[in-house]
Amino acid sequence: MPAPFGALGVVMRDDRLATITLLPRAADPFTRHGRAVAEVCRQMQAYLKDPRFEFDLPLALTGTVHQRKVWRMLRRLTPGNLVTYGDLARRLHTSARAVGGACRANPVPLVVPCHRVVAKSGVGGFMGATSGPEMAIKQWLLDHEGAR
DNA sequence: ATCAGGTCTCAAG
DNA sequence: CTTGAGACCTGAT
């Protein structure tokens with residue numbers, strides 16, 4: 001589906017959300033909508049329209065124990081509410097880099113708001129990149145939520 | 001067993 | 001202000 005920063009893709013598994021892909025440019029829309037996909041899209045639009053919207057979707061997440069811990073923490077963050085890698089690391093008794101690794105592995109950006117994790121000085125990275133179009137999307141999201 | 005990451009901190013220039 | 005080294009924990013090979 002189209003998004004202000006480009007486009008957004010949705011992959012379902014057993015009617016549950018498995019993967020979200022963020023694209024910097026518009027893509028040809030995929031027109032086969034199941035009921036579950038439609039609901040995901042509905043919530044996506046709601047969020048894109050109003051940053052205060054909070055997702056409530058069934059997820060099909062696969063990851064290590066550590067990754068799940070980090071993702072669980074992230075899900076408790078409300079829009080515009082930022083944390084640093086170091087902060088999360090202390091709360092989970094781990095290291096900042098390990099947190100970064102888990103964020104990088106996040107399959108469902110926006111729903112698990114890895115974009116709300118920033119470096120102590122600087123913005124950090126997004127989707128495996130520290131510069132380039134991915135970072136432009138992170139910036140857009142932060143602006144959208146009115147974060148600094 | 002090794003290496004590279006979405007980092008942090010601290011000590012020098 | 002800028003740089004560099006070391007510490008840090010995980011995931012992948």
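Chain identifiers are assigned alphabetically (A, B, ...) following the order of the sequence lines, protein sequences preceding nucleic acid strands; residue numbering begins at 1 within each chain.
- A:G86 comes within contact range of the sugar-phosphate backbone alone, with a heavy-atom separation under 4.0 Å but no base atom that close.
- As rounded to whole Å, 14 Å separates atom P of C:dG11 from atom CG of A:N106.
- Listed nucleotides C:dC8, B:dG6, C:dT10 differ in distance to A:H66; the shortest reach to its side chain belongs to C:dT10.
- Nearest to the side-chain atoms of A:A96 among the listed nucleotides C:dT10, B:dT7, B:dG6 stands B:dT7.
- Interatomic distance, OH of A:Y85 versus CZ of A:R90, reported as 14.5 Å (0.5 Å rounding).
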query = Given pairs defined as Watson-Crick or G-U wobble with both distances under 3.5 Å, what dot-bracket annotation applies to DNA chain B, with ( ) intrastrand, [ ] crossing, | other strand and . unpaired?
reply = |||||.|||||||
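- One can place OH of A:Y85 at 18 Å from P of C:dC9, the figure rounded to the nearest angstrom.
- Summary of the strand contacts: A:G101 and A:R97 both lie near DNA chain C, and taking for each the nucleotide with the nearest heavy atom, the more 5' one is attributed to A:R97.
- Between the side chain of A:R13 and the backbone N or O of A:A18, no donor-acceptor pair lies under 3.5 Å.
- The separation of B:dA4 from C:dC8, taken at their C1' atoms, amounts to 13 Å, rounded to a whole angstrom.
- For the pair A:D87 CG and B:dT9 P, the computed distance is 9 Å after rounding to whole Å.
- Nucleic acid contact for A:M127: base, since at least one base atom lies under 4.0 Å from a heavy atom of the residue.
- Within the 4.0 angstrom heavy-atom criterion, only backbone atoms of the sugar-phosphate kind lie near A:Q67; the bases stay farther away.
- The neighbour count for A:D50 CG, taken as heavy atoms of other residues, nucleotides or ligands under 6.0 Å away, is above 12.
- For the atom pair NE2 (A:H66) and CG (A:L92), the distance works out to 6.5 Å, reported to the nearest 0.5 Å.
- Heavy-atom distances to DNA chain B give each of A:F126 and A:R90 a nearest nucleotide, and the one nearer the 5′ end belongs to A:F126.
- Per the geometry, NE2 belonging to A:H93 stands 18 Å off C1' belonging to B:dC8, to the nearest Å.
- Note: NZ (A:K120) to P (B:dT9) measures 4 Å, nearest angstrom.
- Look at CE on A:M73: it is 19 Å from C1' on B:dG6, rounded to the nearest Å.
- Residue contacts for A:V117: at a heavy-atom cut-off of 4.0 Å it reaches a base atom on one of the strands shown.
- When all heavy atoms are compared, the tightest approach of A:C103 to A:L74 is SG-CD1, 4.4 Å.
- Atom pair A:L88:CG and C:dT10:P shows a separation of 14 Å (rounding to whole Å applied).
- Classification of the A:W140-A:H144 ring pair by plane angle, with boundaries at 30° and 60°, yields parallel.
- Regarding contacts with the backbone of C:dG11, a side-chain N or O of A:T64 is found under 4.0 angstrom from either OP1 or OP2.
- The side chain of A:T84 has B:dC8 as its nearest neighbour among B:dG6, B:dC8, C:dC8.
- In this structure, the side chains of A:H115 and A:L110 come closer than 4.5 Å at one or more pairs of heavy atoms.
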Test log, rule side chain to side chain contact (heavy atoms under 4.5 Å, CB included), inputs A:T78 and A:R52 = CA-CA 8 Å; A:T78 54; A:R52 291 172 310 174; over 6 Å; no
